[in-house]
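Inspection log for the structure reproduced underneath, given as structure tokens.
A note on names: the letters A, B, ... follow the listed sequences, proteins ahead of strands, and every chain is numbered from 1.
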Amino acid sequence: MLGAVRRQGLAQALRACAPRSISARATPQVLRWQRPSAAAFPFASRSIYSSPYLRHAASGSGAAAQAQVEESLEETQDRITEFEDLAARQLVSPKIINNITKGMNIKTMTEVQSLTINETLKGDDVLAQAKTGTGKTIAFLIPVMQNILKDRSLERRNHGRSTPTDIRAIVISPTRELAEQIAVEARKLVANTGVVIQTAVGGTQKREGLRRIQYQGCHVLIGTPGRLNDILSDPSSGVKAPKLSAFVLDEADRLLDDGFAPAIEEIQTLLPDPMKVDRQTLMFSATVPREVMRMVRRTMKPNFKFVKTVPDDEVPTHMSVPQKAVYINGLENGLPAVLEIAKNYMEKQKQDTNLRPFKAIVYFNSTAQVSVAYESFTELRNDPNDPRSGHPLGRTRLYEIHSRLTQKRRTQCADFFRKSTSAILFSSDVTARGMDFPDVTHVIQVGVPRDRETYIHRLGRTARANKTGEGWILLHEGEESAYREKIGDLPIKEDTSVSSAGVNMSRENQQLPETAAETLSQIGAAMKLIPYKTKSDSYRAQLGTLPSVISSRRHMIKILNDLARFGYGLREPPVISPVLARKMNLDRVPGVNIGHEDPEDDGDARAVSRFGRDSRSGRSDFGDRRFGRDGFTRRPSRSDRAPWEGRGRINNDFANDRRMR
DNA sequence: AAAAAAT
């Protein structure tokens, strides 16, 4: 019953967004997959109206809830589900099908593929709402390629070679890696057909890319908004798409977010008038917010199809994957907790060979935090005093990826991680959407993500292709309210198995469980080996991300200073420029270190090298500012060793302070 | 000072 109301709500939403003048006949059809037997899942259909637009439309449609929904069951019944059949019915070139069934060894379509391919092959415009990791790339590539192959003029022109004005399809993706990933897939699909695939993404040599297009030609151009716009708007590039027959937006919701829309609109003005040169527009989107609907209405034919491939009764990933929340005592407990989660799993995996090798993505909200994590994990040693003692995670490979790396490094890391059996990828949200890394067993999110969608997309990197996986999120109690607000309704269970998470790292001489003590000292030692700038950048970066999560400035500075001191091992908080301090209303907050530059001598607590020699001496020209209830209460003295090493001395007033925030 | 993305 509830399901029926929901269905009607959806149809309503779609009608509401179609222009009024459009006749009933032109109302977009809603196609929906029905699970044969409705299994009773506790969380069924919760995610279906996760988009604000549809949720709103659905809830406001009470009076009209009687309306019938168009549901084409006939089409559901004789829908093609085997790739072979597409060739047998002469819908798709046997070459393409052969590449799929033999080359890629895929026989049966996923639900997304089956539902969308059956529609797109008819030539209609399609908006598909699809869960990630369900083969949607192939789903939109097949009709695009088929359209290109069936144009016989391709073969005659230019002695069978392509030219830079031959572009038949443009595919836009929100990240460079995703564009490359789509191109790789596309090339497999059209192997030995003569169709030329090219990419246009930032961070690469524009001239080199252009030369490749000029020399090899291009039928399908896959890229990111900026570079695509750059190339198409540059008349001297000679790259044009006068015969464009397909236009695809992957991750449309993301693409229509702030920032991308202007570039995409500009690209559209550079394409031929769709009224004169007929083209098929396809959009894939995990959610269907207002912006996506607006773009659909502006660019798609009035009879576009809406294909919803999240079945009513299928449990979406973020409802079925086991998810755990770990409360950390301070932000400084974050990396120890990550390390311990890894160790615990690897220990279990030794006992139980059925468990897959540990392969994790660890997400942070800023690039600088990613670097701190990656660099410190690289420096880990079993025995911090002996560089030869081996890494606590054994042969687990470590990678980092974010926008501040060169494109070459990014691509390399993505490739390496994809191929690794046991690895950790420290990542910003570059990889949050669409990226397909096989066999990821863990997604660990450090801190509350910027929004609900981000959480769900990150989590979607695991449990792909019918595999299992688990999600973890590490939370400071100061983040609790933001956490509950954003994702409090998801099935995330509190987990208390991570012993180093709850340790108060400001206290010395504590009796700690062995695993916690070991983990904390390993991280603490590794942290001393990484550059000061990496840490101070991370501190400042979090001044940018935390205010949306923690409302009190005082509290924020307090926990950041704890991180600087007990996590990063710094003697004093990194400087904040006077301008920034004023802008953020921090000038009167205790513990804020207002200054101009990072100290020349590093400001590190005590850069103890692996060989045990002190390599830096202290400096204290920060005056009285340091002497407040700010986490840096004590004048730096002989020992700045981390308290859990048992020899440090810290101010107990301050330690008590931690309890009464 | 806070993902991403054109130079």
Side-chain angles (χ1 to χ4, degrees), chain A residues 172-180 199-210 223-234 237 249-267 270 361 363-371 400-407 410 414 426-435 445-451 453-455 457-458 461 482 535-550 553 556-557 560 564 573-587 589 592-595 598:
Chain A
I172 310 185
S173 131
T175 65
R176 298 167 182 175
E177 283 74 13
L178 189 53
E180 304 281 6
T199 56
V201 301
T204 57
Q205 284 295 314
K206 182 184 169 192
R207 266 186 46 207
E208 206 176 291
L210 275 180
T224 42
R227 180 56 64 85
L228 277 174
N229 188 21
D230 189 15
I231 285 184
L232 291 167
S233 62
D234 178 356
S237 74
L249 296 187
D250 194 16
E251 307 282 350
D253 45 358
R254 172 78 183 79
L255 277 173
L256 299 175
D257 249 19
D258 57 348
F260 289 117
I264 290 173
E265 268 158 46
E266 234 179 291
I267 290 170
L270 299 164
I361 306 181
Y363 284 104
F364 297 87
N365 290 326
S366 68
T367 60
Q369 284 169 275
V370 175
S371 297
E400 71 171 329
I401 191 166
H402 55 75
S403 64
R404 300 243 267 241
L405 301 176
T406 64
Q407 191 52 40
R410 281 169 59 169
F426 297 96
S427 179
S428 69
D429 283 322
V430 244
T431 65
R433 285 177 184 245
M435 291 302 290
Q445 312 198 25
V446 179
V448 177
R450 49 181 39 74
D451 49 44
E453 256 63 61
T454 302
Y455 175 88
H457 280 287
R458 286 167 165 187
R461 296 315 98 207
K535 302 170 194 170
S536 63
D537 282 348
S538 174
Y539 177 95
R540 284 185 291 262
Q542 289 173 80
L543 288 175
T545 57
L546 283 177
S548 65
V549 174
I550 299 171
R553 294 288 138 123
M556 177 184 78
I557 288 296
L560 269 180
V575 291
I576 299 170
S577 80
V579 184
L580 181 61
R582 194 156 322 117
K583 226 192 294 184
M584 291 195 62
N585 273 326
L586 289 173
D587 13 22
V589 177
V592 173
N593 185 357
I594 297 175
D598 281 344

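- Atom CZ in A:Arg254 sits 10.5 Å away from atom CG in A:Leu178 (nearest 0.5 Å).
- Atom OG of A:Ser366 sits about 5.5 Å away from atom CD of A:Gln542, to the nearest 0.5 Å.
- Taking atom CD of residue A:Gln445 and atom C1' of nucleotide B:dA3, one finds them 13 Å apart after rounding to whole Å.
- The separation between A:Asp429 atom CG and B:dA4 atom C1' is 9 Å, rounded to whole Å.
- Nearest nucleotide to the side chain of A:Ser403, out of B:dT7, B:dA2, B:dA3: B:dA3.
- For the OP1/OP2 pair of B:dA3 and a distance below 4.0 Å, the side-chain nitrogens and oxygens of A:Thr454 include no atom meeting the criterion.
- Partner A:Phe364 forms a side chain to side chain contact (heavy atoms under 4.5 Å, CB included) with one of A:Val370, A:Asp429, A:Thr545 and no other, that one being A:Val370.
- Residue A:Thr224 places at least one side-chain N or O closer than 4.0 Å to OP1 or OP2 of B:dA6.
- For B:dA4, the OP1/OP2 oxygens have no side-chain nitrogen or oxygen of A:Arg227 closer than 4.0 Å.
- The shortest distance between the side-chain N/O atoms of A:Arg450 and the OP1/OP2 oxygens of B:dA4 is not below 4.0 Å.
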What donor-acceptor contacts under 3.5 angstrom involve side-chain atoms of residues 579-586 of chain A, with partners at least two apart or in another chain?
none

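- A:Thr367 comes within contact range of the sugar-phosphate backbone alone, with a heavy-atom separation under 4.0 Å but no base atom that close.
- Checking B:dA4, B:dA1, B:dA6 against every side-chain atom of A:Arg540, the shortest atom distance belongs to B:dA1.
- No hydrogens or angles were tested; on distance alone, nothing pairs the side chain of A:Arg404 with the base of B:dA4 as donor and acceptor under 3.5 Å.
- For A:Asn229 and B:dT7, the CG to C1' distance is 13 Å, given to the nearest whole Å.
- The separation between A:Arg207 atom CZ and B:dT7 atom C1' is 14 Å, rounded to whole Å.
- Rounded to whole Å, atom P of B:dA3 lies 19 Å from atom CD of A:Glu251.
- For the pair A:Ile576 CD1 and B:dA2 C1', the computed distance is 14 Å after rounding to whole Å.
- You'll find that the side chain of A:Arg410 is closest to B:dA5, out of B:dA5, B:dA3, B:dA6.
- We find that CD of A:Gln407 is positioned 14 Å from C1' of B:dT7, with the value rounded to whole Å.
- If you measure from atom NE2 of A:His402 to atom P of B:dA2, you get 12 Å, rounded to the nearest angstrom.
- A:Arg458 and A:Thr454 form no side-chain donor-acceptor contact under 3.5 Å, judged by distance and modelled atom types alone.
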